[in-house]
Amino acid sequence: MQANSSFHQLKAGLDEGKFTCVDIVNHYLKNIHQKNDELNAFLTIYEQEALDRAAEIDTKIANKSAGKLAGLVVGLKDVLCYQDHPLNCGSKILDDFHSQFSATCVERLLAEDAIIIGRNNCDEFAMGSSCENSAFGPVKNADNTSRVPGGSSGGSAVAVQSDMCTISLGTDTGGSVRQPASFCNVIGLKPTYSRISRHGLAAYASTFDTIGIFSNSIEDAALILETIAGEDEHDSTVSTEKVPEFSRMLAFDGKVKVAYLKETLESPALNEEVKEAVVSIGEKLKAEGHQVDEVSFPLMEYALPTYYILTTAEASSNLSRYDGVKYGFRIDKPRNLESMYKKTRTQGFGHEVFRRIMLGTFVLSASYHDAYYIKAQKVRRLIKNQLEELFKEYDFVLLPTAPSTAFELGAKTSDPMEMYLADLFTVQASVAGAPAISIPIAKDSDGMSIGLQVMTKVFAEDKLLAFSKYLLEAK
Amino acid sequence: MNIDSETLQKIAHLARLELDASHEGQMKKDLEEILEWVDKLNELDTDGIEPLTNMSFEVNSLREDKVTEPLSQERGLRNAPDKEGDYFKVPKVLE
């Protein structure tokens with residue numbers, strides 16, 4: 001079995017009888033045993049269970065009754081419920097919690113005979129850009145273990161990067177799939193807001209949270225998306241838009257109109273090598289006869305502040321459920337109910353979560369509600385409208401996924417503002433609800449991966465995936 | 001934006017968090033810095049703009065009103081830090 005195989009390659013091997021599902025699981029388990037102590041990408045490994053399930057699926061394959069994902073091995077970010085398996089959201093406050101049901105996306109993978117191999121480490125409640133905010137220790141980048149993997153879905157990114165599973169599911173609220181994908185040399189897809197049901201996802205910011213996919217190939221991202229997307233009676237926000245067979249729509253043909261955003265390329269935060277890599281892709285597209293223009297998106301600089309006001313507000317509300325009453329951690333011998341709430345939450349949450357709940361409560365408090373929260377909701381509409389205007393003219397927007405490549409562990413932990421800038425170029429799509437993908441296009445002089453972000457209009461994932469495949473083949 | 005100690009403590013109480021005096025300074029600094037940065041939004045004229053409150057594309061998402069058992073009582077109580085019989089148990093509310 002080849003390292004970092006796509007599911008298509010695995011399926012070919014299974015079809016030819018070169019190996020079995022049990023062999024595939026053993027291959028990943030070997031890598032996990034060798035590397036996970038250092039990388040900390042998995043919090044729990046479902047070893048025996050994965051092997052047993054693989055043997056069952058091998059029988060199904062022999063009987064020709066296997067689902068379309070037979071042989072696919074999956075890692076789940078520690079915010080996605082998998083029935084009777086532990087879930088901590090990277091936090092102490094969910095101590096000893098076991099999911100009572102499975103998330104819809106997990107159910108749909110299982111129904112097609114995918115194998116879940118374990119639970120991936122992440123920033124606490126998905127709040128962070130470096131995977132240093134987990135109560136279970138930081139995750140490390142497999143390309144250089146002194147560097148961060150990005151966040152918040154860092155464990156899921158590293159699991160695919162270091163060949164511990166075929167694909168993994170993460171969540172992207174402001175860049176939490178795309179930015180770690182960029183840092184870890186893998187593909188990271190954030191579909192349109194509401195494309196995938198969030199039933200069984202521990203909520204962070206409900207008008208932003210989107211389940212996303214890490215993979216080694218565009219074909220895999222397409223196949224997983226078409227499997228898990230679509231209507232769900234358990235989620236009233238999920239889109240009823242038809243889910244096409246993305247994996248059969250990957251042929252790219254014709255000429256497209258592509259925009260660069262002046263504000264991203266001229267940003268003082270942007271690393272020179274990242275800039276060069278992104279610009280060179282544009283040059284190649286021009287040479288192939290596509291139209292590539294530099295356009296201005298004047299509202300770009302307002303996307304990140306808008307994001308922080310709205311997500312912290314929503315988080316302060318969503319995280320009020322962690323109070324020590326129904327599940328998770330509770331302090332010993334509470335004096336009374338209010339003290340139990342306060343002490344449980346204060347001891348249970350880490351610094352970043354604490355800070356964001358404080359900020360969110362502040363912007364929602366009566367005196368400041370209009371000045372911050374309502375203001376940000378108005379600006380959000382302006383940003384969404386401006387992006388929709390842009391997509392009337394252009395098929396795709398190209399931008400760096402992150403301002404830099406993976407940075408050193410500890411480099412940004414003391415300054416929250418500095419850390420927030422890691423999401424500078426990913427929040428725009430999140431604020432507008434648009435689909436975006438990060439694909440690895442180059443390495444910097446230290447050998448760290450550079451990601452290109454491609455964005456398009458809502459529900460146009462078919463075109464986004466086909467164009468990304470073309471870009472990866474052309475680079 | 002200047003946040004005084006009283007406001008900080010009020011916010012902490014609303015969020016059911018305890019902010020002890022030794023952490024007040026750092027929290028004040030962090031929040032003030034972030035709020036100063038987000039004040040940038042005031043550069044934009046948003047008069048007459050309707051706030052965008054919901055990102056879902058669905059309108060009136062309805063489903064059948066049928067009886068199901070999504071979560072059994074036994075499963076629902078399984079993660080409880082403290083329980084008695086069929087109930088979650090918490091410290092006394094009324095003295």
Side-chain angles (χ1 to χ4, degrees), chain A residues 96-98 100-101 193-194 207-208 233 236-241 299 301-302 305-306 308-309 316 320 323-330 334-343 345-346 349 354-355 357-362 365 372 374-382 384 416-417 433 458, chain B residues 1 3 7-8 10-20 23 26-27 30-31 33-35 37-58 60-64 68 70-72 75-83 88-93 95:
Chain A
D96 203 28
F97 182 85
H98 286 70
Q100 294 120 324
F101 57 88
Y193 175 80
S194 81
T207 70
F208 292 81
E233 65 168 1
S236 63
T237 64
V238 75
S239 171
T240 52
E241 190 84 9
L299 293 175
E301 58 180 326
Y302 302 99
T306 301
Y308 271 94
I309 293 174
S316 74
S320 64
D323 56 8
V325 174
K326 296 187 278 305
Y327 38 70
F329 168 72
R330 179 190 291 187
R335 207 175 54 211
N336 57 39
L337 191 63
E338 186 176 285
S339 156
M340 182 191 89
Y341 293 149
K342 287 187 175 178
K343 289 192 190 303
R345 288 165 60 78
T346 301
F349 291 132
F354 192 110
R355 185 159 47 222
I357 293 174
M358 287 289 288
L359 183 65
T361 308
F362 180 86
S365 64
Y372 290 101
I374 300 294
K375 179 78 185 180
Q377 287 185 322
K378 290 180 174 180
V379 177
R380 186 176 201 182
R381 184 178 295 279
L382 294 178
K384 185 167 177 270
M417 290 293 305
V458 294
Chain B
M1 167 63 62
I3 306 179
T7 307
L8 265 184
K10 189 184 129 202
I11 296 298
H13 170 71
L14 288 172
R16 297 297 184 269
L17 292 167
E18 275 182 357
L19 186 64
D20 70 45
H23 291 106
Q26 187 62 44
M27 185 59 71
D30 288 349
L31 293 190
E33 213 176 284
I34 297 169
L35 288 168
W37 167 67
V38 301
D39 272 339
K40 193 171 180 45
L41 298 190
N42 291 321
E43 294 168 9
L44 295 172
D45 179 6
T46 52
D47 276 358
I49 304 293
E50 190 64 22
L52 184 56
T53 56
N54 189 346
M55 294 297 286
S56 174
F57 301 87
E58 300 304 307
N60 295 340
S61 174
L62 303 173
R63 60 166 173 77
E64 282 295 304
T68 59
L71 193 62
S72 69
R75 260 189 191 282
L77 282 164
R78 198 177 289 171
N79 287 300
D82 197 6
K83 60 190 166 191
F88 295 105
K89 194 174 174 187
V90 295
K92 242 184 190 166
V93 182
E95 294 300 324

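The basis for the numbers below is simple: all heavy atoms, side chains too, and nothing from hydrogens, waters or symmetry mates. Everything numeric in this text was worked out from a predicted model, so none of it was measured. Labels below follow one simple rule: chain letters A, B, ... track the order of the sequence lines, proteins then strands, and each chain is numbered from 1.
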[X], part contacting chain B, at a heavy-atom distance under 4.5 Å:
X	answer
A:F362	both
A:S239	both
A:M358	both
A:V238	backbone
A:S339	neither

[X], part contacting chain A, at a heavy-atom distance under 4.5 Å:
X	answer
B:L8	both
B:N42	both
B:K89	backbone
B:R63	side chain
B:L71	side chain
B:T7	side chain

* Asked: Passes side-chain contact (heavy atoms from CB on, under 4.5 Å), B:R16 versus A:D323? Steps please.
  -> CA-CA 9 Å; B:R16 297 297 184 269; A:D323 56 8; over 6 Å; no

* To do: Find the one option among A:Y341, A:F329, A:F354 whose heavy-atom pairs under 4.5 Å with chain B are most numerous.
  =>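 Counting heavy-atom pairs under 4.5 Å, the top option is A:F354.
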
* Asked: Any chance the side chains of A:S236 and B:E58 put a donor and an acceptor closer than 3.5 Å?
  ->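 Side chains of A:S236 and B:E58: no pair found under 3.5 Å.
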
